[in-house]
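What you see is a predicted model, and the numbers here were worked out from it, not measured in a lab. Below, each value reflects all heavy atoms present in this structure, side chains not excepted, and no hydrogens, waters or symmetry copies.
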Amino acid sequence: VTFGTNAAPRTATPSASGTVFGTVTCEGLPVADVIVSDGALFTKTDSLGRYTLPSLKYYGSVFIVTPSGYEPECKKGVLPQFWASLNSRKPTKVEQHDFALRKVDQRRHRMIVSADMHLANRNEDLLQLKKTYIPTVQRIAAEAKRDTIPASSIILGDLSINSAWYSSEFDVSDALHTIVTSGYPTMLYTAIGEMDHDGAIAVSPMTDYRSEQLYVSACGPRFYSMNI
């Protein structure tokens with residue numbers, strides 16, 4: 001990854017064929033050669049940190065592949081803002097989405113990996129989350145901070161149990177919100193699991209696509225990457 005000039009990035013403007021465009025910056029300066037995707041097409045930012053995608057908007061989001069030595073800004077100190085939901089699914093609707101990075105020394109790094117949370121707001125699972133899981137992650141994060149090692153986390157699927165989305169009115173967005181607001185101590189990435197799909201979607205050639213939409217709107221793209 002190379003930085004552009006020391007000048008502030010110019011205002012991004014879409015090309016004649018671009019439907020999604022924007023900039024990638026770090027501390028107000030442009031970041032070049034960052035990969036940007038809508039899940040189907042890929043491009044790179046230019047020397048002024050600008051990108052343009054002729055997106056058909058099928059997957060409903062745009063995201064960057066975070067380059068090594070950087071991390072995205074975080075919402076609530078936890079949710080990495082490497083992606084954005086598109087405002088419209090109409091390919092003719094042009095829209096802008098900018099991304100901000102910050103520098104981080106990743107020569108040493110600690111990744112906290114979890115999976116199969118299966119949160120459903122029943123059988124005292126949320127109490128167990130707050131009394132056992134969250135304190136454990138906080139301890140690991142504190143140890144990393146003590147050793148001056150940057151730490152982040154990823155949950156590898158099944159934040160929720162889709163049968164509880166309707167029986168307990170507790171879906172994948174509620175599961176993520178509960179984790180974030182329970183004192184989660186690091187940046188948190190997620191990956192979609194079987195139980196994070198909407199089980200009420202009727203079987204059809206579009207079942208996978210339709211059943212993942214709630215996860216995508218709450219957690220982000222179901223496929224992405226970052227470099228650490």
Side-chain angles (χ1 to χ4, degrees), residues 39 59-64 66 71-87 99-100 102 104 109-145 149-201 207-226 228:
Y59 292 107
S61 67
V62 59
F63 61 91
I64 63 171
T66 307
E71 62 184 19
E73 295 292 339
C74 279
K75 183 178 181 180
K76 300 179 180 178
V78 179
L79 300 174
Q81 301 299 287
F82 69 93
W83 68 282
S85 293
L86 299 180
N87 300 323
F99 299 94
R102 56 193 182 204
V104 59
H109 187 84
R110 190 162 295 166
M111 178 65 78
I112 304 169
V113 180
S114 306
D116 298 326
M117 306 296 289
H118 292 162
L119 297 178
N121 193 23
R122 60 192 185 195
N123 300 325
E124 298 187 338
D125 59 344
L126 303 189
L127 181 63
Q128 182 180 4
L129 173 87
K130 295 175 181 179
K131 288 196 171 183
T132 303
Y133 174 76
I134 293 294
T136 299
V137 176
Q138 289 174 336
R139 175 180 56 78
I140 296 171
E143 291 172 354
K145 184 176 181 180
I149 300 174
S152 56
S153 305
I154 186 167
I155 297 177
L156 296 176
D158 290 353
L159 280 78
S160 61
I161 299 179
N162 51 18
S163 62
W165 290 18
Y166 302 98
S167 63
S168 300
E169 297 186 349
F170 191 89
D171 60 35
V172 66
S173 63
D174 298 311
L176 180 63
H177 176 76
T178 300
I179 293 170
V180 170
T181 57
S182 294
Y184 205 89
T186 75
M187 180 183 302
L188 175 62
Y189 293 91
T190 64
I192 193 169
E194 175 187 4
M195 295 294 178
D196 299 321
H197 290 78
D198 188 347
I201 300 299
T207 297
D208 285 349
Y209 176 80
R210 291 171 178 164
S211 65
E212 69 192 23
Q213 292 309 302
L214 181 56
Y215 172 90
V216 169
S217 66
C219 304
R222 63 182 179 88
F223 39 75
Y224 63 92
S225 65
M226 67 282 196
I228 296 177

Could you tell me the separation between the OG atom of S160 and the CG atom of L119, rounded to the nearest 0.5 Å? 8.0 Å

Could you pull out the closest heavy-atom pair between W165 and D171, with the gap in Å? CD1-CA, 3.4 Å

In the structure I gave you, are the side-chain heavy atoms of S152 and M111 within less than 4.5 Å of one another anywhere? yes

From H118 NE2 over to I161 CD1, what is the distance, rounded to the nearest 0.5 angstrom? 5.5 Å

Non-hydrogen side-chain atoms of D158 and M117 separated by less than 4.5 Å: no

Are T207 and H197 linked by a side-chain donor-acceptor pair shorter than 3.5 Å? no

Distance check, rounded to the nearest 0.5 Å: Y209 atom OH versus I201 atom CD1? 12.0 Å

So which atom in R110 and which in E143 form the shortest heavy-atom distance, rounded to 0.1 Å? NH1-C, 3.9 Å

What verdict does the side-chain hydrogen bond (donor to acceptor under 3.5 Å, both in side chains) test give for S168 and N121, after you've listed the backbone C-alpha separation in whole Å, the side-chain angles of each residue and the deciding distance to 0.1 Å? CA-CA 7 Å; S168 300; N121 193 23; over 6 Å; no

Residue pair R222 / D196, side-chain heavy-atom distance below 4.5 Å: no

Check this for me: H177, atom NE2, are more than 12 non-hydrogen atoms of other residues, nucleotides or ligands nearer than 6.0 Å? no

Is there a side-chain contact between L126 and F170 in this structure, where contact means two heavy atoms from C-beta onward sitting under 4.5 Å apart? yes

Minimum heavy-atom separation for D174 to E169, with atom names? OD2-O, 3.7 Å

Which residue in the set D125, L159, L129, I134 passes side-chain contact (heavy atoms from CB on, under 4.5 Å) when paired with T178? L129

Check whether any side-chain heavy atom of M226 lies under 4.5 Å from a side-chain heavy atom of P80, and answer yes or no. no

Does the pair V216 and L214 meet the rule for a side chain to side chain contact (heavy atoms under 4.5 Å, CB included), with working shown? CA-CA 5 Å; V216 169; L214 181 56; over 6 Å; no

side-chain contact (heavy atoms from CB on, under 4.5 Å) with P221: which residues, sequence neighbours excluded? S61, F63, F82, W83, Y224

Apply side chain to side chain contact (heavy atoms under 4.5 Å, CB included) to residues R102 and C74 and explain how you reach the verdict. CA-CA 10 Å; R102 56 193 182 204; C74 279; 3.9 Å; yes

State, to 0.1 Å, how close I112 and A141 come at their nearest heavy-atom pair, and which atoms those are. CD1-N, 4.3 Å

Does a side-chain heavy-atom distance below 4.5 Å link S114 with I155? yes

Report the residues that fulfil side chain to side chain donor-acceptor pair (under 3.5 Å) with D198, sequence neighbours left out, ordered by chain and then residue number. Y166

Please tabulate, for the side chains in residues 184-195, all donor-acceptor contacts under 3.5 angstrom to protein atoms that are two or more places apart in sequence or on a different chain.
residue	atom	partner	partner atom	Å
Y184	OH	S153	OG	2.9
T186	OG1	S153	OG	2.6
T190	OG1	Y215	OH	2.9

Minimal non-hydrogen separation, R122 against A164, with atom names: NH1-CB, 4.0 Å

For S163 and S167 the tightest heavy-atom approach is O-OG, 2.9 Å

